[in-house]
Amino acid sequence: MKGRYDFKEIEAKCQKAWSEQDLYSVPDFSDRPKYYCLEMFPYPSGKLHMGHVRNYSIGDVLARFKTMQGFNVLHPMGWDAFGLPAENAAIKHGALHPAQWTYDNIDAMRTQLKQLGISYDWNREVATCHPGYYKWTQWLFLQLYKQGLAYKKKAAVNWCPSCATVLANEQVKEGTCERCKSDVQKRELEQWFFKITDYADRLLEDLDKLEGWPDKVKIMQENWIGRSEGAEITFAVDGMNESMTVFTTRPDTVFGVTYMVLAPEHPLVEKLIEGKEQAGKIRDFVKTVRNQSEITRTSTEAEKIGLFTGAYCINPVNDEKVPILVANYVLMEYGTGAVMGVPAHDQRDFEFARKYNLPIRIVIQPEGAELDPDTMTEAYDGEGLMVNSGAFNGTPNRDGIAAVTRFLEQKGLGRGRVNYRLRDWLISRQRYWGAPIPIVYCDKCGVVPVPEEHLPVMLPMDVAFQPTGRSPLEDHPGFVNTSCPNCGGKARRETDTMDTFMCSSWYYYRYTSPRDEDNAWDHDKVRNWLPVDQYIGGVEHAILHLLYSRFFTKVLKDINLIDNDEPFTNLLTQGMVLKDGAKMSKSKGNVVSPEDIVAAYGADTARLFILFASPPERDLEWSDQGVEGCYRFLNRVWRLVEPLGDSLSGNNINRPATFVGINRDMRRVTHHTVKKVTEDIDKRFNFNTAVSAIMELVNAMYQFREVPETDREPWVMKEAVDSLLLLLAPFAPHITEELWAKTGHQGSIHAQPWPAFDPEAIVEDEITIVIQINGKVRDRMLVPAEIEAEAMKELVMGQNRVKELTEGKKVVKVIAVPGKLVNIVVK
RNA sequence: GCGGGCGUGGCGGAACGGCAGACGCGCUGGACUUAGGAUCCAGUGGGGCACACCCGUGGAGGUUCAAAUCCUCUCGCCCGCACCA
């Protein structure tokens, strides 16, 4: 027995060599076709977790595979390095600056990634908290500002009391902060927004172009954008020079309006109640609702409460006077903040009307049934003919939608309108550790964007971190006080920083020009590399990061900074890593540390297990015994290949003219494995079955080795060994590199071309087919592989066993599937 | 409530509508050993003396010569959204 598999030594040696040779650096332009393989960059939280290992192992297999297939592969890594944890750590540990904390973590995690042997081009590393990066984040803000896509407005926004900052809608999950789970509150604040709603339609329509994205993600984005077609209708307030406009998807039911409802925050409320006896009660109600957290406010179970304002408005289609209410279930943020109540045909309105004894009027009558407002138990939202609707009586309601809209348009009281659930992206954050918004406020000139040549607006390092709930920047006079770029007078800087999702919306462009000091990126390089061919990451970003990135890309295309209109051609969303059926977490105490696994078994084993245990989209159940199994497999490979040394590398190994018997069989397995592994990686991302196939190859090679030496062709063994190492290389890059050298090859295995299979070698002479009688397997037989259906039938019907089993029965039908089976249907 | 996904051995998981359970783990037996938690060989869905045969992919129907796979209904679990007018 020669040397054993010493993964520690091998992995350290390989990583050193790769680094010294700069093996994974990639030129921007090449004769080879380009392939951009990208994994979502991590937040440098401290150390890698198994989810990272899975994400980056998947990406690395693809990157190495595509490189071996002859592509010029861009495979970069960086750090989503601005964010709250750094700042919270500073508040907690006083002495540690967020920058220090972040860069320490980056160093630790970079080391870990290198220990995993991931083939990144580290020359392109970026960190979003570096001034050389956030200069361009700020620059991009200015570009959006120039386009009128960045604006400031006062609005009721989501406030997380624990994170002490506002949040975008996308960052609120079920009324709670997606980061810390605190109940989110509503606050009336002036904040910076990006006009993502301007792109709602394009973001929606272009989902159809994304054939390489999982349907699940596309559906989630579609639902999030939430397009709905309908109409806006304006109702005059009775006796006042005011009006209220509602959005409805059912203008065909407008004759059924029996009341109107305003959101508590609606500006009209105060005007309507002023001087009325209800005023006090309503003001109290509005106050109570406003103080409710998002979660109680929007819960489906929350009781619907409404109060009559004392005011009425006039239904424009029939001049009826209907009461105006204020109710907690109407949201100011959606539509116009006001709705019309049609209890007969909307379930919510129905329940509300029953509760408050509001009239119910049928205006859509289904065919073959008679709705009765007094006896109906739920709203009817199906189709039918319009009734009680004046000139529209008898119109099918589907036609009525357009007809009523047209009628209102003619009278100037309404118009067709498309509404979106998507709201503008709130990007201000009242926190320190982020990119400062490059805006200055001047008493004379107002809001002034920082001139591009003044960028970056540096984030000061000398700030005090106190849990005050205010951004430390506010208390930093040196930062706040500045001069107006316009008039030179005294001015104040914006002290809010940008949402970190802004930093991550464009990093994949920066990788093409990571050190460019004069441009966010080089246009030619971006044109060459983008879009990303394969993007890999967790499904938790289905809406957030992936929607923002699509938005950014469309804006950048519109201002001719890039040519692509979608950022990511193909998307792979990997499943979670579970232990004992649950997500790994400190609180559950079921965390398996990548460091421990790498120390005990090596990076190759860790990678192999994670790829073998489950297909990538599915959740993966961690198994220590499964890891053991992969470690055993690599040892098995080692024991098979290592003792051969360079015995197969000499010139004395000649290719035989023909292959017969056991040699032919071995070759068939080798070439079949090449075919299977290639297809599993390339077409299906089924790394688990690819690894299985490689294991089968190894099993076959062990069998082959047992054959007397006189019967074996060394050339066949050499072919099998070379193929095995090449196929395994993307999965287990270190052991294969070492064995590649030991078996007498020159150069890195990772620079070799991917093996091709010979279709001739896979061809079988004879195959076993299945004989079924009435669909049940009854026998098998060996037939020539190329046999036709008719000949197959004849052969099968001549079998003794078939004769026995069909004796005395009537053969109704015989189905023959060449290469597979014959099914005899008997009675 | 709406939308999406998933249910296959003891476990992770394989199966272009065509042999259910590849591969791995675990388990059982054997070999080699001072030893075995190394390695190698054999077996391993259930029933059954059986290499006959029967049953078997959450459940109930259906389509088909043939269904884990397609269709309908149903149960269970997971994920996303959630008063969106």
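Order of the sequence lines fixes the chain letters, A, B, ..., with proteins taken first and strands second; residue numbering starts at 1 for each chain. Predicted model only: the values in this text are computed from it and were never measured.
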Compare side-chain N and O positions of [X] against OP1 and OP2 of [N] and report whether any pair is under 4.0 Å apart.
| X | N | answer |
| --- | --- | --- |
| A:Lys173 | B:G80 | no |
| A:Arg4 | B:A38 | no |
| A:Arg636 | B:C40 | yes |
| A:Ser623 | B:G24 | no |
| A:Arg639 | B:C40 | yes |

Exercise: do [X] and [Y] side chains pair donor with acceptor under 3.5 Å:
| X | Y | answer |
| --- | --- | --- |
| A:Thr234 | A:Thr245 | yes |
| A:Asp183 | A:Thr176 | no |
| A:Gln221 | A:Arg550 | yes |
| A:Tyr334 | A:Ser228 | yes |

Measure [atom1]/[X] against [atom2]/[N] and give the value in whole Å, please.
| X | N | atom1 | atom2 | value |
| --- | --- | --- | --- | --- |
| A:Trp638 | B:A38 | CH2 | P | 21 Å |
| A:Glu804 | B:A52 | CD | C1' | 11 Å |
| A:Gln703 | B:A42 | CD | P | 6 Å |
| A:Arg421 | B:G80 | CZ | P | 14 Å |
| A:Asn774 | B:C65 | CG | P | 12 Å |
| A:Glu303 | B:C83 | CD | P | 16 Å |
| A:Asp215 | B:G3 | CG | P | 16 Å |
| A:Gln625 | B:G24 | CD | P | 15 Å |

Involving RNA chain B, stems made of at least three consecutive Watson-Crick or G-U pairs, both distances under 3.5 Å: B:1-7 with B:75-81, B:10-12 with B:23-25, B:26-31 with B:39-44, B:45-47 with B:53-55, B:58-62 with B:70-74
Side chain to side chain, A:Arg636 and A:Asn699, heavy atoms closer than 4.5 Å: yes
Close side-chain approach of A:Phe687 and A:Pro616, heavy atoms under 4.5 Å: yes
When we call it a touch if two heavy atoms are under 4.0 Å apart, what does [X] touch: a base, just sugar-phosphate, or nothing?
| X | value |
| --- | --- |
| A:Thr249 | sugar-phosphate |
| A:Gly629 | sugar-phosphate |
| A:Asp349 | nothing |
| A:Ile219 | sugar-phosphate |
| A:Val330 | base |

Inter-nucleotide [atom1] distance ([N], [M]), Å rounded:
| N | M | atom1 | value |
| --- | --- | --- | --- |
| B:A20 | B:C2 | P | 39 Å |
| B:A22 | B:C11 | P | 15 Å |
| B:A60 | B:G76 | C1' | 15 Å |
| B:G10 | B:G47 | P | 10 Å |
| B:G48 | B:C55 | C1' | 11 Å |
| B:C78 | B:G9 | C1' | 23 Å |
| B:A14 | B:C23 | P | 14 Å |
| B:G18 | B:C70 | C1' | 14 Å |

Lys/Arg cation over aromatic A:Trp224: A:Arg421, 6.0 Å, 45° cone: yes
Other residues, nucleotides, ligands: >12 heavy atoms within 6.0 Å of A:Lys355 NZ: yes
Of the nucleotides [options], which has the atom closest to the [X] side chain?
| X | options | result |
| --- | --- | --- |
| A:Arg778 | B:A85, B:C54, B:C81 | B:C54 |
| A:Ala613 | B:C83, B:A82, B:G12 | B:G12 |
| A:Val825 | B:G4, B:C65, B:C25 | B:C65 |
| A:Arg632 | B:C25, B:G80, B:C40 | B:C25 |
| A:Thr248 | B:C40, B:G3, B:A85 | B:A85 |

Step-by-step side-chain contact (heavy atoms from CB on, under 4.5 Å) determination, A:Val339 to A:Phe247: CA-CA 6 Å; A:Val339 300; A:Phe247 172 74; over 6 Å; no
Tabulate atom names and distances for all N/O pairs under 3.5 angstrom spanning the protein and nucleotides 31-37 of chain B.
none

Check: A:Ser614 side chain, A:Asp619 main-chain N or O, donor-acceptor pair, under 3.5 Å: yes
Audit row: A:Ser623, A:Phe609, side-chain contact (heavy atoms from CB on, under 4.5 Å) steps and yes/no: CA-CA 9 Å; A:Ser623 156; A:Phe609 167 72; 4.2 Å; yes
Aromatic contact, A:Phe501 with A:Trp425 (centres under 6.0 Å): no
A:Phe352 ring center within less than 6.0 Å of A:Tyr329 ring center: yes
Contact pattern, 5' to 3', of nucleotides 14-23 of chain B - B, S or - by protein heavy atom under 4.0 Å: SSB-BB--BB
Full working for side-chain contact (heavy atoms from CB on, under 4.5 Å) between A:Val826 and A:Ile773: CA-CA 7 Å; A:Val826 298; A:Ile773 291 175; 3.9 Å; yes
Chi-angle category of B:G30 [syn within 90° of 0, anti beyond]: anti
Earlier contact from the 5' end, RNA chain B, for A:Leu331 and A:Glu170: A:Glu170
Residue met sooner reading RNA chain B from 5', once A:Met332 and A:Trp224 are mapped to nucleotides: A:Trp224
A:Lys813 (side chain) and B:C65 (base): donor-acceptor pair under 3.5 Å: no
Criterion side chain to side chain contact (heavy atoms under 4.5 Å, CB included) against A:Phe612, the qualifying member of A:Leu620, A:Val627, A:Val691, A:Thr689: A:Val691
